[in-house]
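Worksheet: one structure, shown below.
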Amino acid sequence: MSASGVNAPLTPSRLAVSAVVAVLRSAGSRHITEEALRRDIAAGAPVNPDGTMNILHYAAWLAKEAGRGD
């Protein structure tokens, strides 16, 4: 929410880590946490220079990582 109490629109290309977690949880993810997302960032998930994330770039990174297999 903004200072005026009105919900500010989300910008998918510039979301705070906590907002990425909130969006993914609202989309049905039961496993995403801020800690897990920060582990992904440490493992190379893309982050904007200002520390925000582009959720579409993150989704693409997840798909690429899933294709690698362990």
What one should report as the nearest heavy-atom pair of Thr52 and Asp50 is OG1-OD1, 2.5 Å

For a 4.5 angstrom cut-off between non-hydrogen side-chain atoms, does Leu15 reach Val20? yes

Does Asn48 reach the side chain of Arg14, with side-chain heavy atoms less than 4.5 Å apart? yes

Apply side-chain contact (heavy atoms from CB on, under 4.5 Å) to Val21 and Thr33, showing your working. CA-CA 6 Å; Val21 171; Thr33 63; 5.7 Å; no

List the residues meeting side chain to side chain contact (heavy atoms under 4.5 Å, CB included) with Pro12, not counting sequence neighbours, and say none if there are none. Ile55

Tell me, which pairs form a salt bridge (charged side-chain N to carboxylate O under 4.0 Å, His left out) where one or both residues lie in residues 28-39, sequence neighbours left out? Glu34-Arg38, Glu35-Arg39

Closest non-hydrogen atom pair, Gly51 against Val17: O-CG2, 4.3 Å

Distance col, row Ser29:OG vs Leu37:CG, nearest 0.5 angstrom, shows 10.5 Å

Report the C-alpha separation of Ile41 and Met53 in whole Å, then their side-chain angles, then the decisive distance to 0.1 Å, and conclude whether the side-chain contact (heavy atoms from CB on, under 4.5 Å) test is met. CA-CA 10 Å; Ile41 292 168; Met53 296 183 78; 3.9 Å; yes

Walk me through whether Tyr58 and Val47 qualify under side-chain contact (heavy atoms from CB on, under 4.5 Å). CA-CA 8 Å; Tyr58 178 57; Val47 179; over 6 Å; no

Can you find a pair of side-chain heavy atoms, one from Asp40 and one from Leu62, that are under 4.5 Å apart? yes

